[in-house]
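The structure under discussion appears below in the form of structure tokens.
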Amino acid sequence: GGVRDTIPPKVIIEKSTPNLSTNFDAQTIVLTFNEWVQLNKPTTEIIVSPPLAKPMDIKLKGKQVTINLEEETLRENATYVINFGKSIQDFNEKNTIKDMRFVFSTGSFIDSLKISGNVIDIATEKPAEDVLVMLYDNLSDTAARTEKPFYFTRTDKQGRYEIPYMKADTF
């Protein structure tokens, strides 16, 4: 009984790996929530930029989500963004945390540039939902077929996208 829960889980900052850390060299990222959570489609919803060499090792136990980075070699002086999409939900009502990001830098500062825009379907002239927007630091015309993008995100229902925490470079 009682009033229906409509509030998504919240990160308990004091019990979690600090977000927006610099000189990051931890082997694991721990996110502790104020209630039991579940992961919804983590392999498609969770996006990491720049991409990791291996698939992310994500574990869920009760109120904690743990990301193991032991097997990963992180780039030097790079700002990483883990965008959780709609993957983290509370256990009972499936209230989803929207736009949750975990950001860290292996260097002494967090990159702060961003790009944003809209994607319109040329055939329907309507906003294109769930389209991948990808940026490559390799400017070769075959890069899209031979390697992972340096930054990427998906468009929302209105066709909008945003890629924050970018480094100054040509893409």
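In what follows, every heavy atom counts, from backbone to side chain, and hydrogens, waters and symmetry copies are set aside.
- With hydrogens and angles ignored, the 3.5 Å screen pairs no side-chain donor or acceptor of Thr22 with any backbone N or O of Ser105.
- In this structure the side chain of Val48 never reaches within 4.5 angstrom of the side chain of Val81, judged on heavy atoms.
- The local environment of CG in Leu139 is crowded, with over 12 non-hydrogen atoms from other residues, nucleotides or ligands closer than 6.0 Å.
- Using a distance-only test at 3.5 Å, with no hydrogens or angles considered, no donor-acceptor pair links the side chain of Thr66 to the main chain of Val30.
- For the pair Lys54 (side chain) and Thr73 (backbone), a donor-acceptor distance under 3.5 Å is absent.
- Within the 3.5 Å criterion, the main-chain N or O of Ile163 finds no donor-acceptor partner in the side chain of Thr153.
- In the model, Gln89 has a side-chain atom that pairs as donor or acceptor with a side-chain atom of Gln38 under 3.5 Å.
- For Asp121 (side chain) and Glu125 (main-chain N/O), no donor-acceptor pair under 3.5 Å exists by modelled atom type.
- Put simply, the residue from Thr79, Leu74, Ile110, Leu20 that forms a side chain to side chain contact (heavy atoms under 4.5 Å, CB included) with Phe104 is Leu74.
- Ser87 approaches Pro42 most closely through the heavy-atom pair CB-CA, 4.4 Å.
- Using a 3.5 Å distance cut-off with no hydrogens or angles, the side chains of Asn40 and Glu45 do not pair a donor with an acceptor.
- Between the Lys86 side chain and the Ile97 main chain, no donor and acceptor come within less than 3.5 Å of each other.
- Following chains of ILVMFWY side-chain contacts shorter than 4.5 Å, one cannot reach Phe102 starting from Ile12, and the two form parts of different hydrophobic clusters.
- Under the 4.5 Å side-chain contact rule for hydrophobic residues, Ile58 and Leu31 share a cluster.
- The closest donor-acceptor contact from the side chain of Asp169 to the backbone of Asp137 lies at 3.5 Å or more, if one exists at all.
- For Phe150 and Tyr136, the ring centers sit 6.0 Å or farther from each other.
- In terms of modelled atom types and a separation under 3.5 Å, the side chain of Ser16 and the main chain of Ile13 share no donor-acceptor contact.
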* To do: Step by step, work out the side chain to side chain contact (heavy atoms under 4.5 Å, CB included) result for Phe33 and Val65.
  => CA-CA 8 Å; Phe33 296 89; Val65 173; 3.8 Å; yes
* To do: Determine, stepwise, if the pair Ile46 / Asn83 fulfils side chain to side chain contact (heavy atoms under 4.5 Å, CB included).
  => CA-CA 6 Å; Ile46 300 174; Asn83 186 334; over 6 Å; no
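- The closest donor-acceptor contact from the side chain of Glu162 to the backbone of Ile115 lies at 3.5 Å or more, if one exists at all.
- A donor-acceptor contact shorter than 3.5 Å is absent between the side chain of Thr106 and the backbone of Asn23.
- Ion pairing between a basic and an acidic side chain is recognised when a charged N comes within 4.0 Å of a carboxylate O; Asp57 and Lys59 show such pairing.
- With salt bridges taken as basic N to acidic carboxylate O contacts below 4.0 Å, none links Lys63 and Glu35.
- Using a 3.5 Å distance cut-off with no hydrogens or angles, the side chains of Gln64 and Thr32 do pair a donor with an acceptor.
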